2 protein chains.
Amino acid sequence: MSLEHAILGFLNYHPYSGYDLKKIFDTSIRHFWPADQSQIYRTLARLEENGLAEMERIPQEDRPDRKVYHITETGRAELLRWISGPPPLGEPRSAPLIQVFFSGQLSDEKILAKFEGYAAIMRAILSQYDQVPAQIGPFQQEIPSPREHFFWMLTLENGLANLRANLQWAESVIERIKSGQVPKE
Amino acid sequence: MSLEHAILGFLNYHPYSGYDLKKIFDTSIRHFWPADQSQIYRTLARLEENGLAEMERIPQEDRPDRKVYHITETGRAELLRWISGPPPLGEPRSAPLIQVFFSGQLSDEKILAKFEGYAAIMRAILSQYDQVPAQIGPFQQEIPSPREHFFWMLTLENGLANLRANLQWAESVIERIKSGQVPKE
DNA sequence: AATCGATATATGATTAATCATATATAAACA
DNA sequence: TGTTTATATATGATTAATCATATATCGATT
């Protein structure tokens, strides 16, 4: 359901094709909701079936017609209903924490390497975040009013806050490993 | 794949039935990897098919036989291989952030209510975390050696760190809304 | 000359996870 | 007396998401 509403959110700004939407996703909300190309197309078809969007076929020569989707009044109402509603919390899932849970099986050196690798990944992702705002460029005219831009930045802030929390956690674990605070048995 | 390895991790401590494992999941790693009962049973069957676990049928009267699963040498090797390997990072997914991204559509009052609701949920979950260590009771003899307990606590710490980061983020947004820092258009 | 990337949509196959429901009995509880 | 809880496993149906692949053409690069 989340992808449906994310697409409705963008169609509420402007009519787009599936191809457009894939690029928009990759340059805006990818950091908290990546979307597969095939899933976008299928979801657009479902939105049309359910009367939340309408398709306009734009003929082209030498390549497939563009199918541009417009949000309907029903779609706009559904979008607002959903945004106003309670936060759609999903179950938390972190496969790396499964590794951590069972890491007692490993030697202290391997555990240290594991957490240093984890910290390195967090730092690498953190450094990518700096570049994200620059990527919005291509869509600057269509999407972000100052108000919209504010909320977009809040999602980046949230991602950064979580990354920093994870990095600090990993660093504190590294310190404890180095100072011999991991029980031997 | 993650569930397979989590189950292998527990079977490596001790042989268990699917019924046992469901209770163990719910009192230990539920906060970062919840598992459905039916999925546990199907995954156990697959572990056996693949030679990573062996099933021992324990007859009972008046109720279904227990099917207790023992990890095999292959299973133990696979578990160690996986734990030693790179962190299995998944794509981040946060449906609440989709709401945030499109919240510019709402009035400032509704936005304030939304973030206050979000902060309230974070606080409620935080208070639940205090009780988690008490729930391990029933399995104290079988699972946690001091070393294992240390890593189990690390997963709790990580969950807490992320919750606090999210709560602080929500609180900082609330302050900005109250002090009129949200652009009007 | 051949490959690659951009434009554009589409479908088949598979996986992981969820939800609902089924069977069967005993003990405890209201 | 009837309901719930605990014990124990199992399957069918569905959803969301991923992966692979197909079609078709142009322009740019190697």
Side-chain angles (χ1 to χ4, degrees), chain A residues 1-8 15-27 29-30 32-50 53 55-69 82 88-95 98 138-139, chain B residues 1-8 15-27 29-30 32-50 53 55-69 82 88-95 98 138-139:
Chain A
M1 302 277 104
S2 296
L3 183 64
E4 269 183 46
H5 292 102
I7 289 178
L8 280 179
Y16 290 112
S17 69
Y19 190 80
D20 296 334
L21 285 166
K22 174 57 176 161
K23 285 195 291 182
I24 290 173
F25 267 76
D26 286 348
T27 51
I29 70 176
R30 205 206 170 292
F32 59 87
W33 204 274
D36 188 77
Q37 173 259 3
S38 63
Q39 205 192 353
I40 289 176
Y41 281 99
R42 281 192 250 246
T43 304
L44 281 169
R46 191 165 63 231
L47 286 174
E48 203 197 7
E49 269 178 49
N50 298 339
M55 190 260 283
E56 177 196 7
R57 183 179 290 269
I58 298 187
Q60 298 197 126
E61 290 163 24
D62 300 338
R63 58 196 58 196
D65 295 351
R66 278 168 60 80
K67 295 168 79 170
V68 171
Y69 289 84
W82 183 79
L89 292 175
E91 299 278 15
R93 292 206 175 271
S94 169
I98 301 179
F139 297 98
Chain B
M1 303 272 105
S2 296
L3 183 64
E4 266 183 47
H5 291 101
I7 289 177
L8 280 179
Y16 290 113
S17 69
Y19 190 82
D20 295 334
L21 285 167
K22 174 58 176 159
K23 286 195 291 182
I24 291 173
F25 267 75
D26 286 348
T27 51
I29 70 176
R30 206 203 168 291
F32 60 88
W33 204 273
D36 189 77
Q37 172 260 4
S38 62
Q39 205 193 353
I40 290 175
Y41 281 99
R42 282 193 249 247
T43 304
L44 281 169
R46 191 165 64 232
L47 287 174
E48 203 196 9
E49 270 179 47
N50 298 339
M55 191 261 283
E56 175 195 9
R57 183 179 288 271
I58 298 187
Q60 298 198 123
E61 291 163 25
D62 300 337
R63 59 197 59 200
D65 293 352
R66 279 168 58 81
K67 295 167 78 169
V68 171
Y69 290 84
W82 183 79
L89 292 176
E91 299 278 14
R93 291 206 176 270
S94 168
I98 300 180
F139 297 99

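Since the model is a prediction, treat every value here as computed from it, not as a measurement. Just so we're on the same page: letters track the sequence lines, and every chain starts at 1.
For B:Asp65, the salt bridge (Lys or Arg N to Asp or Glu O under 4.0 Å) partners two or more places apart in sequence, or in a different chain, are B:Arg57. Considering only residues two or more places apart in sequence or on other chains, A:Lys22 meets the salt bridge (Lys or Arg N to Asp or Glu O under 4.0 Å) condition with A:Asp26. Residues that satisfy the ring pair (Phe, Tyr, Trp, His ring centres under 6.0 Å) test with B:Phe25, not counting sequence neighbours, are B:Phe10. Residues passing the salt bridge (Lys or Arg N to Asp or Glu O under 4.0 Å) test with B:Arg46, sequence neighbours excluded: B:Glu4. Residues forming a side chain to side chain contact (heavy atoms under 4.5 Å, CB included) with B:Arg93 (at least two apart in sequence, or on another chain): A:Trp33, A:Pro34. Partners of B:Phe32 by side chain to side chain contact (heavy atoms under 4.5 Å, CB included), not counting sequence neighbours, listed by chain and number: A:Ser94, A:Leu97, A:Ile98, A:Phe101, B:Ile29, B:Thr155. Partners of A:Pro15 under the side chain to side chain contact (heavy atoms under 4.5 Å, CB included) rule, at least two apart in sequence or in another chain, are A:Val68, A:His70. With sequence neighbours excluded, the residues satisfying ring pair (Phe, Tyr, Trp, His ring centres under 6.0 Å) with B:Trp82 are B:His5. In this view, B:Glu48 satisfies the salt bridge (Lys or Arg N to Asp or Glu O under 4.0 Å) rule with no residue, not counting sequence neighbours.
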So which protein N/O to nucleotides 18-20 of chain D N/O distances come out below 3.5 Å?
from: D:dT18; atom 1: OP1; to: B:Arg93; atom 2: NH2; distance (Å): 2.8
from: D:dT18; atom 1: OP2; to: B:Arg93; atom 2: NH2; distance (Å): 3.2
from: D:dC19; atom 1: N4; to: A:Ser38; atom 2: OG; distance (Å): 2.9

Check nucleotides 23-28 of chain D against the protein and report each pair of N or O atoms closer than 3.5 Å, with its distance, or say if there are none.
from: D:dT25; atom 1: O4'; to: A:Asp62; atom 2: O; distance (Å): 3.2

What pairs of nitrogen or oxygen atoms, one from the protein and one from nucleotides 2-5 of chain C, lie under 3.5 Å apart?
none

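The phosphate of C:dT9 (OP1 or OP2) has no side-chain N or O of A:Lys22 nearer than 4.0 angstrom.
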